[in-house]
Amino acid sequence: MMLGRVAVPLAAAVTLALPAVLDDSALAVYVLLGLAAMVTVGVSLLMGYAGQVSLGQGAFYGVGAYTAALLALNGLPPLLGLLAAPVAAAAFALVVGLPLLRLRGHHLAFATLAMQLILLSLAGQLDFTGGDIGLQAIPPFSAWSFEAGGVTAYAYLTWAGLALVMLVTRNVIASRPGRALRALATSETAAASSGIPVGRYKLAVLALSAAFAGLAGGIYCFYTGYVAPGSFPVLISIQYIVMAVVGGLGTIWGAVVGAAAITLLVQGLDRLANLPGMPSYAPGVLSYAVYALVLIAVVLFLPNGLVPAIRRLLSRERPAKTR
Amino acid sequence: MLAVQGVSRSFGGVYAVRDVTLDVADGEVCGVIGPNGAGKSTLFNLITGHLAAERGEISFLGRRVDRLAPHRRARLGMSIVFQAARVFRGMTVRENVMVGLHGRTSAGFVAAALRLPRHRRDEREIAARADAALDRVGLSEWADRPADQLPIGQQRALQLARALCARPRLLLLDEPASGLRGQERERLAELVEELRAGGLTILLVEHDVAFVTRLADRIVVLDLGRVIADGPPAEVRNDPLVLAAYLGQSA
């Protein structure tokens with residue numbers, strides 16, 4: 001709690017100040033980081049708190065992006081498209097979750113992965129999604145008299161969305177439905193015997209995490225101006241899980257810290273690999289080998305993730321003020 | 001209160017519970033005993049709904065429940081203390097007990113996400129009732145500790161608090177004394193006696209005959225999935241069939 005009282009205003013101040021000082025290419029990273037964090041908060045809620053696995057969060061991200069893009073391209077106001085994105089992603093999650101959530105553990109993981117593969121191949125085949133080329137010339141985001149002109153506007157939109165997602169998650173976790181989710185993660189039997197409709201709650205948490213991913217997807221489509229199946233590879237779903245695990249599953253801040261750490265690491269390695277004088281195989285080696293080594297190191301040395309490790313460090317320094 | 005009528009359940013062609021009939025009257029403490037493999041756990045799971053009966057009927061408060069999901073039976077007023085430590089990890093002792101009130105409250109995701117007044121009111125009441133239940137089982141000073149760090153005896157007491165705060169009509173205890181040592185066992189027996197004095201109906205499934213004999217008004221003995229005796233403790237203890245079942249096992 002003490003930590004929160006300092007960290008939250010500080011994080012808010014930094015978030016607000018950054019778009020003013022960053023250049024455009026850094027701001028682009030900042031937007032993508034915020035979008036990834038938004039999806040990862042949902043992954044952390046789903047995996048860390050409710051104990052369900054999804055290797056298909058990228059699919060919900062894609063559903064949100066395509067929904068907003070299609071609505072905007074058909075002449076509806078972009079604001080409506082943005083609001084419809086999380087709703088459509090959640091509705092899609094409810095439909096696929098009904099059969100999928102009968103599975104548990106790695107069966108559920110593979111089934112959600114398959115769901116994303118099916119969706120990607122459908123998006124690549126169907127006419128109304130634009131096939132492999134995707135949807136282009138999506139208008140910029142606008143609401144009332146405001147129009148998102150540059151990347152700065154998207155940075156604020158993204159981080160406002162992230163703040164909303166974090167607030168909702170925090171409120172849910174500390175409440176009656178949140179306790180029910182945490183309970184069923186330990187024992188579905190004991191949860192059911194406490195009067196919790198386990199199936200319905202698993203479906204609800206999948207839909208909520210999908211809504212977060214859908215919102216991120218909606219912002220993404222207005223930001224980039226085009227969406228295609230290639231924007232939502234399976235790798236992206238795996239990356240969200242990596243971010244959640246590295247930051248610390250079952251902590252909200254862990255999702256943000258994990259998303260930041262992985263995004264910056266990938267960007268840093270990319271820049272390093274493209275420096276003049278680097279051998280031609282440098283990008284491949286750096287992006288896969290170094291990335292993998294960092295992951296292994298985190299899992300080995302900080303198995304609970306970054307945020308719990310930082311918390312422990314801080315509370316050790318001030319033993320009198322721990323919760 | 002609870003009526004089990006000719007219930008059967010088999011696994012791979014072998015009956016674990018066969019044609020079992022059993023009634024629990026209002027305000028009664030009914031013990032179910034039997035040697036290992038007698039079908040006690042299966043019968044328990046059939047009553048709570050974690051297993052489906054192949055034949056027979058189960059009624060609770062005059063209502064058929066054998067097709068109802070476990071959480072619906074819980075909401076009708078069945079509360080359970082499991083044998084295995086089923087405390088919820090990653091939650092405090094108080095939060096664990098608060099889960100027990102899930103079926104008695106209604107604030108959902110939207111009310112929680114928006115922190116609606118209804119949700120705040122619910123939360124206050126849930127916390128107060130959970131604290132009262134913790135007080136009753138003597139766990140008040142542990143309320144803010146992580147539940148999975150409690151010793152086994154206190155984990156069982158925690159489950160009892162979770163079951164009690166829902167104000168059950170029927171309390172189901174599955175081998176509550178197993179794994180407990182002398183003093184912990186004595187504490188638990190005293191708690192059950194207090195609950196009985198308060199008029200709570202209890203079904204006690206237990207391996208430990210002495211523990212059941214002390215607490216139960218009536219004892220049902222299972223052997224090989226069938227009821228072989230049903231009556232007051234003193235009568236059942238001297239029943240030749242019961243003696244044979246236990247001696248045959250050399251227990």
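Throughout, a chain's letter reflects where its sequence line sits, starting with A, and its residues are numbered from 1.
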Practice item. Could you list which of residues 130-141 of chain B have a heavy atom closer than 4.5 Å to any heavy atom of chain A, in residue-number order? Key: none
Exercise for review: Please list, in residue-number order, every residue in residues 92-106 of chain B that has a heavy atom less than 4.5 Å from any heavy atom of chain A; write 'none' if there are none.
Suggested key: B/Glu95, B/Met98, B/Val99, B/Gly100, B/His102, B/Gly103, B/Thr105, B/Ser106
Crowded around [X] [atom1]? As in, over 12 foreign heavy atoms under 6.0 Å?
{"X": "B/Arg64", "atom1": "CZ", "answer": "yes"}
{"X": "B/Glu184", "atom1": "CD", "answer": "yes"}
{"X": "B/Arg75", "atom1": "CZ", "answer": "yes"}
{"X": "B/Arg67", "atom1": "CZ", "answer": "no"}

Review point. What residue in A/Ile196, A/Val168, A/Leu167 has the most heavy-atom pairs under 4.5 Å with chain B?
Key: A/Ile196
At their closest point, which heavy atom of [X] faces which heavy atom of [Y], and how far apart are they?
{"X": "A/Val172", "Y": "B/Ala112", "result": "CA-CB, 4.4 Å"}
{"X": "A/Ala192", "Y": "B/Ala74", "result": "O-CB, 3.9 Å"}
{"X": "A/Ala190", "Y": "B/Arg162", "result": "CB-NH2, 4.0 Å"}

Study note, to complete from the structure: Ordered numerically, the heavy-atom neighbours of chain B under 4.5 Å found in residues 83-106 of chain A are none
How long is the gap from [atom1] on [X] to [atom2] on [Y], to the nearest 0.5 Å?
{"X": "B/Phe82", "Y": "A/Thr189", "atom1": "CZ", "atom2": "OG1", "result": "6.0 Å"}
{"X": "A/Ser175", "Y": "B/Ile126", "atom1": "OG", "atom2": "CD1", "result": "9.0 Å"}
{"X": "B/Phe109", "Y": "A/Leu181", "atom1": "CZ", "atom2": "CG", "result": "4.5 Å"}
{"X": "B/Arg86", "Y": "A/Thr186", "atom1": "CZ", "atom2": "OG1", "result": "10.5 Å"}

Check your understanding: Among all residues two or more places apart in sequence or in another chain, which pass the ring pair (Phe, Tyr, Trp, His ring centres under 6.0 Å) test with B/Phe211?
Key -> none
Check your understanding: Testing B/Met78, B/Arg73, B/His50 for side chain to side chain contact (heavy atoms under 4.5 Å, CB included) with A/Ser193, which one passes?
Key -> B/His50
Check your understanding: Heavy atoms, side chains only, cut-off 4.5 Å: are A/Ser187 and B/Arg89 in contact?
Key -> no
**Study point:** Ionic contact status for B/Glu123 with A/Arg179, cut-off 4.0 Å
**Key:** yes
Check your understanding: Do you know which of B/Gly108, B/Gly90, B/Ala111, B/Ala166 has the most heavy-atom pairs with chain A at a distance under 4.5 angstrom?
Key -> B/Gly108
Check your understanding: Does the side chain of A/Ser194 come under 3.5 Å of the side chain of B/His71 through a donor N or O and an acceptor N or O?
Key -> no
